[in-house]
Structures are given as C-alpha cells and as structure tokens.
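Reviewing the structure listed below.
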2 protein chains.
Amino acid sequence: MVDENIEKVSIPSLRRLPLYYHYMKILKKRKVDYVSSTKIAEKMNLTPIQVRKDLSITGVKGRARVGFNIKDALEKIEEFMGWKDKKDGILVGCGDLGSALLGYNNFKNYGFEIVAGFDVDEKITGTEIHGKRIFPIDRMENLCKRLHIKVGIICVPSKSAQKVAERMIDSGIEAIWNFAPAALEIPNDIALHQEDMAASLTILFKKHRKNR
Amino acid sequence: MVDENIEKVSIPSLRRLPLYYHYMKILKKRKVDYVSSTKIAEKMNLTPIQVRKDLSITGVKGRARVGFNIKDALEKIEEFMGWKDKKDGILVGCGDLGSALLGYNNFKNYGFEIVAGFDVDEKITGTEIHGKRIFPIDRMENLCKRLHIKVGIICVPSKSAQKVAERMIDSGIEAIWNFAPAALEIPNDIALHQEDMAASLTILFKKHRKNR
DNA sequence: GAATTATCGATAAAAAATTATCGATATAAA
DNA sequence: TTTATATCGATAATTTTTTATCGATAATTC
Ligand SMILES: NC(=O)c1ccc[n+]([C@@H]2O[C@H](COP(=O)([O-])OP(=O)(O)OC[C@H]3O[C@@H](n4cnc5c(N)ncnc54)[C@H](O)[C@@H]3O)[C@@H](O)[C@H]2O)c1
Ligand SMILES: NC(=O)c1ccc[n+]([C@@H]2O[C@H](COP(=O)([O-])OP(=O)(O)OC[C@H]3O[C@@H](n4cnc5c(N)ncnc54)[C@H](O)[C@@H]3O)[C@@H](O)[C@H]2O)c1
C-alpha cells in the first residue's frame, strides 16, 4: 500500500506530514491519546479536510467524533515516509555546515546515517568530526562502491559543487542532497534535492508581507 | 507590478526561480549573454513552458529565437524575490547549526543579515562567532525592539523551540524561520517558515525510488 | 530575399491540489 | 433512550498549477 501511494503523494503533502508528526509527538509526550484533524489544522493554519487527506495517504484510519489515535498515526507516518528503512550516506565538504550535519543526530530518526565525511583540506582529513571520520576526497569512490553508498550530501562552496557532484556519480551515488546554491547539471536518472536558503527566505518574507 | 505578483506566485515557482538564477549566474560568468527557456529547462528537467511562465512573473521579457538576456533576467529575479530590500534578523541557539548560519555570508546576496546571536549557554554569550556578537537571551527583547528587528531564526533543540518562539514574538519578531523539528503553536499573524530535514530527506528518497 | 527554424508570449486545455458536501458513526448531553 | 454534535471518509466541486497549442517574430540557411 505504501509502495503504491508513495508514487502518488504530492510534494506539498510530503512537506506537511512531518509537521503533523512533530505535533503528535508533542501530544504523545503529554499523554494525549487521540487528536482530531480539526485540532491539528487549527494549530498549523490549514483546513481539517487537508489534514485528513494528507493523513489518509499513510493508511491511518481515524474514528468519527474521536479523531486519530496518535500512536497509530505516528507509526503510519514513519512507515509511509520511509523513516523505518535504513539508508547510509556520505557528506562532502566538512566546513561549517558540513560539520553541523555530521553531528546532527536526528537523522537516525529518519532512517538516515552519514557514515563518513570527505574533504580536500588536509587540516581536516584524517580527523574526526562529531565522531565521524573525514577522508580525503580521493578515497570517496572506493569507499562508496565498497559500502554500496547511494546517497551523497554536498556542502562545498558553489564553485566546486558541480565537480563534486560528478565525482559522486562516478562513485555510484544515485541521490544527491545539495546545500550549495548552485544549479547542478546531472543526468536525470540521478535524484537531486536542492536545499535552497534563498527560496526559504523568500517564502518566509512573502508570508510576512501577506500578514501585514 | 512586483507588488501585485508576489501575492499570486506559487510556492513551487518560488522554489524554482533560485535555480534559474543560479544557472544564469554561472552562464554570466562564462560571458554568455542570452539563454533560452529550452536550455534552462533541459538542465533542470522541466518544461520550457514552465520556465517561461515562472520567469514571466518577474517581468523579464524574452526575445523569440534568442531567449532571455541574462543580465536583465538576473536583475528582475533579484528584484522580484525581494533580494534587493535589506532586512535584518537575529538568531537564537548558537550551537553547531546556528554557528554555521551566523557565518553564512551568502545571506547578504539575498538582502538578509543576521545582526546578532542569542544563547543561554554562558560559555558562548559574550563571545563572537564569525564576527557576530552573541548575547544572553534576556537581552533579546530590548535589542530587537531597539533595532526594530522583525525576523528571527530558531536553532535551539526542539524542546526549547516553542518557548523561544514565544519570546521572539514578545520581542516584536513577526517572521520566524524555524530549523528545529518542532510544530510551533503561534498566532497566525506571525509568518513562519519551517525548515524540515525530514521532509527534504523524504522528498529526495522518493525521487530516488522513482528513478529506479 | 525567401524559406526554415527556434523561440517567445498569450491563451486554452489538462492535471493536480485544495476545499466543500454529505451520509455515517461514535460520544456526550438531555 | 433520544437528541445533538463532532468528526470521519468518500466523493464532488473548485481552484491552482502545469502543460499544450498556436500565431508572431527574429535569426539562420538556402
Ligand atoms: N554555512 C551555512 O550556514 C550554509 C547554509 C546554507 C548553505 N550553505 C552552503 O553550503 C556550502 C558550504 O558552506 P560552509 O559555510 O560550510 O562553507 P565552508 O567554507 O565552511 O566549508 C566548505 C568545505 O568544503 C571543502 N571543500 C572545498 N572544495 C572541496 C572539494 N572540491 N572537495 C571536497 N571538499 C571541498 C572545504 O575544504 C571546506 O572544508 C556552501 O556552498 C554554502 O553556500 C551554507
Ligand atoms: N545540526 C544540524 O545539522 C541540524 C540540522 C537541521 C536542524 N537542526 C536543528 O537545529 C537545532 C539546533 O541544532 P544544533 O545541532 O545546532 O544543536 P546544538 O546543541 O549544537 O545547539 C543548540 C544551541 O541552543 C542553545 N539553547 C538551548 N536552549 C536554548 C534556549 N532556551 N534559548 C537560547 N538558546 C538555547 C544551546 O546552548 C546551544 O548552543 C535543533 O533543533 C536541531 O534539531 C540541526
């Protein structure tokens, strides 16, 4: 069921589901057992209908006049979002942002783990950051192929991003998470998610202007 | 014209525009003067029609058989995205991620500047991180009101996020950029943009699965 | 200089996402 | 026990977003 739906779910829904999840996590800690779509919607300025539709894709069933069982819903969201499948990745560019991500121990809650970092800077390579070993970039291909790593995170300056992406692809990486504000030119069988602070800022300011 | 359109532009368009921008920046560096929607679309796996529609909202005009003047387009995107208006913000939680953001000198290209950091940790307060002064959290209200700061970034652990958000609102903050994976309960006249790694990861993996 | 082609912008059509409607159901109140 | 009410899920309607069509135009080729 999950396998059918994951193809059909919209990106906006995928962005909203974690919000419901975070909220229900809080309620669970407060020993609340049930929550209605109305209540969730109120908190996030959405309609109850949309919340129900989003939740329905995970397969969770609510009860009329009662709402959704929080334990069930959390379970179903985790399952649907794929946070229960374990995936390993590597990170290239262990500077300020890269180091923060290497130490982000929340990734494990989403089934993801960064197993190693890579860099060109010899002051960094050979060391550990937040307990993760940092290798020279030349070791990437070998390590990724040996460990069958398919996910790569790019945290290098923009001007190096394209080169790093190509090297990742040569190393067998199939999914790239790019934090550099650069338009990567890559084959379209490689999955790419662009993390864009410029877009985020603009969206925030747009909402702000609308509120005034 | 920008003022009319900003209300109407879709979030997906807002996320795509920076991609075109990054790409055109590269072309400009290569001394290319014009680029067609076809070429842009090819690079990013979109349709030329969508690229044209997105660009049209910025007000930039293309020329048949030639494409878009890159210098003009960059200018129009900057203007439309509001990257030319200067906005100041503060950041709360100067740990790993917060420090990286404090040092992110690309924000200025988007018209944004973090003027100060706040934290509860007395080992950090009073110091500077990447040249930005870090104050104890109790100073936030005074400083924000005095400098008319309206934008706040949350980089504290999830469990403190709600409290920090409320304090920001008391300090006159009207737009919150939240990096903590927590559902904030705030009045709906406060703009909120939630940065969600869980959503990003899921979107990336979804694309990856589709490609295989 | 005429024909061909790439591209644009406007408008129309199609697809996707959101919102509304409504009968069913479970709890609470009368 | 009966009535009122909150909420669900399914389906329908609406709105938004994406994609297609097509005439106009500017560069290139013949
Ligand atoms: N700092 C932030 O908060 C932030 C936020 C969003 C996006 N970004 C983007 O993330 C990227 C990294 O930012 P940062 O602030 O961490 O920069 P940084 O300078 O602190 O780190 C960059 C690291 O990449 C390494 N590097 C450079 N070229 C390399 C290559 N070819 N191969 C391997 N490693 C290489 C450097 O040695 C350095 O360690 C940039 O593209 C930046 O625009 C940063
Ligand atoms: N590290 C990452 O790469 C990353 C990525 C995405 C999201 N996040 C989120 O960003 C937040 C910060 O992550 P981090 O890794 O930088 O954590 P961190 O522990 O390194 O930093 C947290 C900082 O917040 C301060 N703090 C705690 N409570 C506070 C309060 N009430 N007021 C002011 N300051 C307070 C702490 O003193 C510390 O300096 C977390 O919510 C995390 O989930 C982190």
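Each chain gets a letter, A, B and so on, in the order its sequence line appears, and its residues count up from 1. Side chains are part of it too, since the values below use all heavy atoms of this structure and drop only hydrogens, waters and symmetry mates.
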Consider the side chain of [X], meaning its heavy atoms from C-beta on, and name the nucleotide among [options] that approaches it most closely.
X	options	value
B:P12	C:dG9, D:dT18, C:dT19	D:dT18
A:K53	D:dG9, C:dC8, D:dT11	D:dT11
A:Q50	D:dA6, D:dG9, C:dT19	C:dT19
A:A64	C:dC8, C:dA26, C:dT18	C:dA26

Got a donor-acceptor pair under 3.5 Å from the side chain of B:R65 to the base of D:dA26?
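Not at all, since no donor on one side and acceptor on the other fall under 3.5 Å apart.
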Rounded to the Å, how far apart are A:F68 CZ and C:dA26 C1'?
14 Å
Closer than 3.5 angstrom, by distance alone: can the side chain of A:T202 be matched with the main-chain N or O of A:A198 as a donor-acceptor pair?
yes
Does [X] have a side-chain nitrogen or oxygen under 4.0 Å from the phosphate oxygens OP1 or OP2 of [N]?
X	N	value
A:R63	D:dC8	no
B:R16	D:dT18	yes
A:R52	C:dA20	no

Strictly below 4.0 Å, heavy-atom distances to any atom of DNA chain C: list the hits from residues 27-47 of chain B, or just say none.
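Of all residues in residues 27-47 of chain B, the ones placing a heavy atom under 4.0 Å from DNA chain C are B:S36, B:S37, B:T38.
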Between B:Y20 and B:Y23, does the ring centroid distance fall short of 6.0 Å?
no
Using 30° and 60° as the class boundaries, would you call the ring planes of A:W83 and A:Y21 parallel, tilted or perpendicular?
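Answer is perpendicular, since the angle exceeds 60°.
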